[in-house]
Trainee: 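Quick one: the structure is below, and I'll ask about it shortly.
Letters go in sequence order (proteins before strands), and every chain restarts at 1.
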Amino acid sequence: KQEVTQIPAALSVPEGENLVLNCSFTDSAIYNLQWFRQDPGKGLTSLLLIQSSQREQTSGRLNASLDKSSGRSTLYIAASQPGDSATYLCARPGYFGTGTSLTVIP
Amino acid sequence: DAMVIQNPRYQVTQFGKPVTLSCSQTLNHNVMYWYQQKSSQAPKLLFHYYDKDFNNEADTPDNFQSRRPNTSFCFLDIRSPGLGDAAMYLCATSRDGTGKETQYFGPGTRLLVL
(Lines give C-alpha, C1' and ligand atoms only; values in the text may rest on other atoms or scores of the structure.)
Protein backbone atom coordinates (compact mmCIF):
# COMPACT_ATOMS: atom_id res chain seq x y z
CA LYS A 1 0.00 0.00 0.00
CA GLN A 2 1.22 3.47 -0.87
CA GLU A 3 2.36 5.57 2.10
CA VAL A 4 2.94 9.30 1.87
CA THR A 5 4.71 11.14 4.68
CA GLN A 6 5.25 14.86 5.17
CA ILE A 7 7.82 16.52 7.36
CA PRO A 8 7.59 18.77 9.27
CA ALA A 9 4.00 18.57 10.50
CA ALA A 10 4.07 22.29 11.32
CA LEU A 11 6.33 25.15 10.38
CA SER A 12 6.42 28.79 11.43
CA VAL A 13 8.61 31.30 9.60
CA PRO A 14 8.97 35.10 9.45
CA GLU A 15 7.70 36.87 6.36
CA GLY A 16 10.15 36.98 3.47
CA GLU A 17 11.93 33.75 4.32
CA ASN A 18 12.42 30.99 1.75
CA LEU A 19 11.26 27.56 2.91
CA VAL A 20 11.13 23.91 1.88
CA LEU A 21 8.40 21.39 2.59
CA ASN A 22 9.19 17.70 2.30
CA CYS A 23 7.17 14.76 1.06
CA SER A 24 8.25 11.12 0.87
CA PHE A 25 6.45 8.15 -0.63
CA THR A 26 6.99 4.41 -0.70
CA ASP A 27 5.88 3.56 -4.22
CA SER A 28 8.04 4.96 -7.00
CA ALA A 29 5.80 3.64 -9.74
CA ILE A 30 4.98 5.76 -12.75
CA TYR A 31 2.49 8.08 -11.11
CA ASN A 32 2.45 11.80 -10.83
CA LEU A 33 2.78 13.78 -7.62
CA GLN A 34 0.54 16.71 -6.85
CA TRP A 35 0.89 19.48 -4.27
CA PHE A 36 -2.22 21.07 -2.79
CA ARG A 37 -3.01 23.93 -0.51
CA GLN A 38 -5.85 23.75 2.01
CA ASP A 39 -7.10 26.71 4.02
CA PRO A 40 -8.90 26.01 7.32
CA GLY A 41 -12.32 24.48 6.73
CA LYS A 42 -11.96 24.69 2.96
CA GLY A 43 -11.42 22.31 0.07
CA LEU A 44 -8.17 21.61 -1.75
CA THR A 45 -6.52 23.90 -4.28
CA SER A 46 -4.07 22.29 -6.68
CA LEU A 47 -0.73 24.11 -6.75
CA LEU A 48 1.55 22.00 -8.90
CA LEU A 49 1.47 18.67 -10.68
CA ILE A 50 4.72 16.87 -11.47
CA GLN A 51 4.41 14.13 -14.05
CA SER A 52 6.37 10.97 -13.34
CA SER A 53 8.64 11.80 -16.30
CA GLN A 54 9.42 15.27 -14.97
CA ARG A 55 11.82 16.39 -12.26
CA GLU A 56 10.33 19.73 -11.35
CA GLN A 57 7.56 22.24 -11.95
CA THR A 58 7.45 25.95 -11.25
CA SER A 59 4.57 28.35 -10.72
CA GLY A 60 5.37 31.86 -9.56
CA ARG A 61 7.11 31.66 -6.19
CA LEU A 62 6.56 27.90 -5.97
CA ASN A 63 8.89 25.20 -7.21
CA ALA A 64 8.23 21.50 -6.75
CA SER A 65 10.75 18.75 -7.44
CA LEU A 66 10.37 15.01 -7.78
CA ASP A 67 13.05 12.38 -7.20
CA LYS A 68 11.53 8.98 -7.85
CA SER A 69 14.71 7.08 -7.03
CA SER A 70 14.67 8.34 -3.45
CA GLY A 71 10.89 8.56 -3.18
CA ARG A 72 10.92 12.24 -2.35
CA SER A 73 9.36 15.49 -3.43
CA THR A 74 9.98 18.98 -2.14
CA LEU A 75 7.94 22.16 -2.38
CA TYR A 76 10.03 25.31 -2.30
CA ILE A 77 8.31 28.59 -1.47
CA ALA A 78 10.31 31.72 -2.15
CA ALA A 79 9.86 35.01 -0.29
CA SER A 80 7.05 33.73 1.91
CA GLN A 81 4.05 35.98 2.64
CA PRO A 82 1.39 35.86 5.38
CA GLY A 83 -1.12 34.84 2.70
CA ASP A 84 0.86 31.65 2.22
CA SER A 85 -0.29 30.46 5.66
CA ALA A 86 -2.22 27.24 5.08
CA THR A 87 -1.79 23.47 5.17
CA TYR A 88 0.18 22.03 2.27
CA LEU A 89 -0.54 18.47 1.19
CA CYS A 90 1.28 16.26 -1.25
CA ALA A 91 -0.48 13.36 -2.93
CA ARG A 92 0.05 10.42 -5.24
CA PRO A 93 -3.20 9.34 -6.93
CA GLY A 94 -5.57 8.34 -4.15
CA TYR A 95 -3.04 8.76 -1.32
CA PHE A 96 -2.41 11.94 0.62
CA GLY A 97 0.24 12.94 3.11
CA THR A 98 -0.91 14.32 6.45
CA GLY A 99 0.21 17.79 5.48
CA THR A 100 2.47 20.55 6.74
CA SER A 101 0.75 23.43 8.52
CA LEU A 102 2.58 26.61 7.54
CA THR A 103 2.34 29.90 9.41
CA VAL A 104 4.08 32.96 7.97
CA ILE A 105 4.49 35.63 10.61
CA PRO A 106 4.20 39.25 9.43
CA ASP B 1 -15.83 28.40 -15.48
CA ALA B 2 -15.53 24.64 -15.57
CA MET B 3 -15.50 23.34 -12.04
CA VAL B 4 -16.41 20.76 -9.42
CA ILE B 5 -19.45 21.72 -7.36
CA GLN B 6 -20.51 20.21 -4.07
CA ASN B 7 -23.86 20.70 -2.38
CA PRO B 8 -24.59 21.44 0.30
CA ARG B 9 -21.48 23.04 1.76
CA TYR B 10 -22.65 22.18 5.27
CA GLN B 11 -24.94 19.30 6.20
CA VAL B 12 -26.36 18.48 9.60
CA THR B 13 -27.96 15.10 10.15
CA GLN B 14 -29.11 13.00 13.07
CA PHE B 15 -27.47 9.85 14.28
CA GLY B 16 -28.73 6.98 12.11
CA LYS B 17 -30.64 9.19 9.64
CA PRO B 18 -29.61 8.56 6.01
CA VAL B 19 -27.95 11.46 4.26
CA THR B 20 -26.87 12.13 0.66
CA LEU B 21 -24.10 14.44 -0.45
CA SER B 22 -23.96 15.70 -4.02
CA CYS B 23 -21.16 16.42 -6.46
CA SER B 24 -21.35 17.69 -10.00
CA GLN B 25 -18.70 18.59 -12.56
CA THR B 26 -18.59 20.58 -15.77
CA LEU B 27 -15.17 19.26 -16.80
CA ASN B 28 -16.58 16.19 -18.58
CA HIS B 29 -14.02 14.05 -16.76
CA ASN B 30 -14.29 10.28 -16.76
CA VAL B 31 -13.27 9.74 -13.15
CA MET B 32 -14.97 11.00 -9.99
CA TYR B 33 -13.62 10.39 -6.49
CA TRP B 34 -15.00 10.70 -2.97
CA TYR B 35 -12.63 11.38 -0.07
CA GLN B 36 -13.30 11.63 3.65
CA GLN B 37 -11.19 14.06 5.66
CA LYS B 38 -11.43 14.12 9.44
CA SER B 39 -10.03 16.96 11.50
CA SER B 40 -6.24 17.33 11.23
CA GLN B 41 -6.00 14.19 9.07
CA ALA B 42 -5.17 13.56 5.44
CA PRO B 43 -8.02 12.98 2.99
CA LYS B 44 -8.80 9.30 2.72
CA LEU B 45 -10.09 7.82 -0.53
CA LEU B 46 -13.44 6.07 -0.09
CA PHE B 47 -14.17 5.04 -3.68
CA HIS B 48 -14.10 6.25 -7.23
CA TYR B 49 -15.94 5.81 -10.49
CA TYR B 50 -14.22 5.36 -13.81
CA ASP B 51 -17.14 6.20 -16.07
CA LYS B 52 -19.79 3.79 -14.74
CA ASP B 53 -17.33 1.35 -13.18
CA PHE B 54 -17.39 1.58 -9.39
CA ASN B 55 -14.15 0.98 -7.47
CA ASN B 56 -14.43 0.63 -3.70
CA GLU B 57 -11.43 0.93 -1.38
CA ALA B 58 -10.98 -2.21 0.69
CA ASP B 59 -11.39 -0.46 4.03
CA THR B 60 -14.40 1.70 3.15
CA PRO B 61 -17.26 0.80 5.52
CA ASP B 62 -20.41 -0.71 4.03
CA ASN B 63 -22.30 2.23 5.49
CA PHE B 64 -20.97 4.32 2.60
CA GLN B 65 -22.44 3.91 -0.87
CA SER B 66 -22.18 5.89 -4.06
CA ARG B 67 -24.17 6.45 -7.22
CA ARG B 68 -23.20 7.99 -10.53
CA PRO B 69 -26.31 8.37 -12.69
CA ASN B 70 -24.46 10.22 -15.46
CA THR B 71 -21.08 11.74 -16.30
CA SER B 72 -21.79 14.99 -14.50
CA PHE B 73 -23.17 13.84 -11.16
CA CYS B 74 -21.98 11.61 -8.36
CA PHE B 75 -23.64 11.07 -4.98
CA LEU B 76 -22.34 9.85 -1.65
CA ASP B 77 -24.95 8.07 0.47
CA ILE B 78 -24.36 7.41 4.14
CA ARG B 79 -26.98 4.88 5.16
CA SER B 80 -26.79 5.20 8.94
CA PRO B 81 -24.46 8.02 9.97
CA GLY B 82 -22.60 7.60 13.23
CA LEU B 83 -20.82 10.23 15.27
CA GLY B 84 -17.54 9.01 13.80
CA ASP B 85 -18.71 9.90 10.29
CA ALA B 86 -18.60 13.61 11.01
CA ALA B 87 -15.99 14.92 8.61
CA MET B 88 -15.33 16.95 5.49
CA TYR B 89 -16.28 15.04 2.36
CA LEU B 90 -14.36 15.99 -0.74
CA CYS B 91 -15.29 15.20 -4.31
CA ALA B 92 -12.66 15.23 -7.03
CA THR B 93 -12.42 14.51 -10.73
CA SER B 94 -9.70 13.58 -13.18
CA ARG B 95 -9.74 13.14 -16.90
CA ASP B 96 -8.85 9.50 -17.33
CA GLY B 97 -7.64 7.98 -14.07
CA THR B 98 -4.21 6.92 -15.33
CA GLY B 99 -2.59 8.57 -12.34
CA LYS B 100 -0.77 10.99 -14.60
CA GLU B 101 -3.24 13.83 -14.63
CA THR B 102 -4.39 16.53 -12.24
CA GLN B 103 -7.17 15.88 -9.77
CA TYR B 104 -9.61 18.76 -9.41
CA PHE B 105 -11.35 19.13 -6.08
CA GLY B 106 -14.65 20.64 -5.07
CA PRO B 107 -14.96 22.88 -1.99
CA GLY B 108 -16.16 19.99 0.17
CA THR B 109 -19.24 19.30 2.28
CA ARG B 110 -18.79 19.43 6.04
CA LEU B 111 -21.03 16.85 7.69
CA LEU B 112 -22.11 17.19 11.29
CA VAL B 113 -23.86 14.26 13.00
CA LEU B 114 -25.96 15.05 16.06
Trainee: Is B:Phe75 linked to B:Met32 within one hydrophobic cluster, defined over Ile, Leu, Val, Met, Phe, Trp and Tyr using a side-chain heavy-atom separation of less than 4.5 Å?
Mentor: no

Trainee: Of all heavy-atom pairs between A:Gly97 and B:Ala42, which one has the smallest distance, and what is that distance?
Mentor: O-CB, 3.0 Å

Trainee: Check this for me: B:Asp62, atom CG, are more than 12 non-hydrogen atoms of other residues, nucleotides or ligands nearer than 6.0 Å?
Mentor: no

Trainee: Out of curiosity, A:Ser46 OG to B:Tyr104 OH, how far, rounded to the nearest 0.5 Å?
Mentor: 7.0 Å

Trainee: Where does B:Tyr35 contact chain A at under 4.5 Å (heavy atoms): side chain, backbone, both or neither?
Mentor: side chain

Trainee: What's the separation between atom CZ in A:Phe36 and atom CG in B:Leu90, rounded to the nearest 0.5 Å?
Mentor: 10.0 Å

Trainee: Take atom CZ of A:Arg55 as the centre, draw a 6.0 Å sphere, and report whether it contains more than 12 heavy atoms from other residues, nucleotides or ligands.
Mentor: no

Trainee: Is B:Arg68 atom CZ crowded by more than 12 heavy atoms from other residues, nucleotides or ligands, each under 6.0 Å away?
Mentor: yes

Trainee: With only heavy atoms counted, which part of B:Pro43 is less than 4.5 Å from chain A, the side chain, the backbone, both or neither?
Mentor: both

Trainee: Would you say B:Val19 ends up clustered with B:Val113 if hydrophobic residues are merged whenever their side chains have heavy atoms under 4.5 Å apart, either directly or through other cluster members?
Mentor: yes

Trainee: Does B:Gln103 offer a backbone N or O that forms a donor-acceptor pair with the side chain of A:Gln34 under 3.5 Å?
Mentor: yes

Trainee: Does a sphere of radius 6.0 Å around CZ in B:Phe73 hold more than 12 heavy atoms from other residues, nucleotides or ligands, not counting ones at 6.0 Å or beyond?
Mentor: no

Trainee: Quick check for you: to the nearest 0.5 Å, what is the distance between B:Thr102 atom OG1 and A:Leu47 atom CG?
Mentor: 11.0 Å

Trainee: Less than 4.5 Å apart, any side-chain heavy atom of B:Gln37 and any of A:Gln38?
Mentor: yes

